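Here is the structure we will look at, set down as structure tokens.
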Amino acid sequence: MAKIKGAVVVDINRCKGCDLCVDACPVDVLALEPKEVNDKGYHYAYMAKEQGCIGCASCGYVCPDGCITVYKVKVD
Amino acid sequence: MDIKDIIKPENLVYAKPRLMNDNPMHYCPGCSHGVVHKLAAEVIDEMGMEDKTIGVAPVGCAVFAYNYIDIDWQEAAHGRAPAIATAIKRLNPDKMVFTYQGDGDLAAIGTAETIHACNRGENIVIIFINNGIYGMTGGQMAPTTLEGMKTATCPHGRSTELYGYPLKISDLIAQLDGACYVTRQSVQTAAAVKKAKKALRKAFENSMAKKGTSVVEIVSSCNTGWKMNPVAANQWMAEHMFAKYPLGDLKDI
């Protein structure tokens with residue numbers, strides 16, 4: 001069965017740490033960086049679990065600042 | 001499979017719209033404005049109207065909208081965006097003209113311009129962001145503020161006895177013969193964003209087909225003005241705002 005694997009790339013310095021992508025993620029792959037901050041001082045979003053992403057792009061759709069790029073592949 | 005093997009241009013499924021430039025947006029974290037900007041940029045790009053679109057920016061939080069989407073813009077005086085858009089569209093009928101307004105701009109100071117532009121059936125699109133508060137000036141009561149909702153100028157909650165009732169201006173516009181499409185959408189989930197995008201596309205197509213005025217109301221959150229975090233504000237919006245401002249098409253001819 002073909003399995004879908006996704007990856008999320010966050011434009012760290014554009015991110016404002018609003019948490020909406022984390023809330024929208026159906027597989028809880030995203031999280032806000034607990035310690036590190038970006039140039040603006042926000043705890044930016046990142047892929048906390050690299051393996052679980054299904055590439056659904058829900059995070060991208062709800063991101064108000066357009067910092068998210070989503071990729072996905074089918075793995076046989 | 002390593003994550004680096006997935007991140008390749010051929011596997012791309014979602015990215016920042018091409019027409020949205022790299023200027024960092026001044027909006028508060030989690031503000032719905034950013035999502036609507038993205039949708040407008042995507043729809044204009046998909047329609048291939050990049051060089052033929054003129055936006056009219058309002059006064060309010062979205063006053064700097066012209067900094068973020070790479071099309072032609074005109075800034076209007078407070079509430080006068082539909083009047084400016086009328087002139088632009090009449091002088092340039094081949095251009096796609098839209099206004100982008102908040103509830104203070106469209107439903108308070110600009111009520112007359114909005115109603116009359118819709119009544120004349122100008123072939124423009126009005127994108128109306130309804131977050132029930134004056135966000136830019138610090139969270140004062142707007143005409144669309146819900147009954148009982150606390151703001152800086154009604155700290156005990158909006159009393160209908162003192163301030164009247166929340167203004168459902170899209171319902172008023174739907175009564176006008178000049179308006180061809182009036183819809184109310186939201187952008188708090190991925191599914192809602194996709195629906196809102198379809199509505200925007202339809203509105204832009206109506207304006208080019210000379211069908212009349214299209215109004216797309218986006219029920220939005222203002223987490224700073226509502227004094228909540230962005231996720232809680234979206235939940236509060238779904239629970240309270242949608243009861244007064246139910247989503248869906250109000251008019252579609």
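Not measured: the values here are computed from a predicted model. Just so it is clear, the values below take in all heavy atoms, side chains as well, and ignore hydrogens, waters and symmetry mates. Chain naming here is simple, since letters A, B, ... match the order of the sequence lines and numbering starts at 1 in each.
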Exercise. So what's closer than 4.5 Å to chain A heavy atoms on B:M20: side chain, backbone, both or neither?
Worked result: side chain
Seminar exercise, completed: Honestly, the part of B:V231 sitting under 4.5 Å from a heavy atom of chain A is both
For this session: Return each pair, listed once, that meets salt bridge (charged side-chain N to carboxylate O under 4.0 Å, His left out) where at least one residue sits in residues 130-142 of chain B; pairs must be two or more places apart or across chains.
Result: none
Exercise. When heavy-atom pairs shorter than 4.5 Å are enumerated against chain B, which of A:C56, A:A7, A:A57 gives the highest number?
Worked result: A:A7
Exercise. Out of A:V22, A:V70, A:V73, which one racks up the most heavy-atom pairs below 4.5 Å with chain B?
Worked result: A:V70
Problem set entry | Engaged part of A:V62 at the chain B interface, taking heavy atoms whose separation is under 4.5 Å | both
For this session: Could you list the residues that satisfy side chain to side chain contact (heavy atoms under 4.5 Å, CB included) with A:C53, not counting sequence neighbours?
Result: A:V8, A:V29, A:M47
Can you list the donor-acceptor atom pairs spanning chain A and chain B that come in under 3.5 angstrom?
{"unit_1": "A:R14", "atom_1": "NH1", "unit_2": "B:D22", "atom_2": "O", "d": "3.3"}
{"unit_1": "A:R14", "atom_1": "NH1", "unit_2": "B:N23", "atom_2": "O", "d": "3.4"}
{"unit_1": "A:K16", "atom_1": "NZ", "unit_2": "B:M25", "atom_2": "O", "d": "2.7"}
{"unit_1": "A:K16", "atom_1": "NZ", "unit_2": "B:Y27", "atom_2": "O", "d": "2.6"}
{"unit_1": "A:G60", "atom_1": "O", "unit_2": "B:Y14", "atom_2": "OH", "d": "3.4"}
{"unit_1": "A:G60", "atom_1": "O", "unit_2": "B:K38", "atom_2": "NZ", "d": "2.5"}
{"unit_1": "A:C63", "atom_1": "O", "unit_2": "B:K38", "atom_2": "NZ", "d": "2.7"}
{"unit_1": "A:V70", "atom_1": "N", "unit_2": "B:Y14", "atom_2": "O", "d": "2.7"}
{"unit_1": "A:V70", "atom_1": "O", "unit_2": "B:V13", "atom_2": "N", "d": "2.7"}
{"unit_1": "A:V70", "atom_1": "O", "unit_2": "B:Y14", "atom_2": "N", "d": "3.2"}
{"unit_1": "A:K72", "atom_1": "N", "unit_2": "B:N11", "atom_2": "O", "d": "2.8"}

Exercise. Which heavy atom in B:C31 sits nearest to a heavy atom in A:P64, and how many Å separate them?
Worked result: O-CB, 3.2 Å
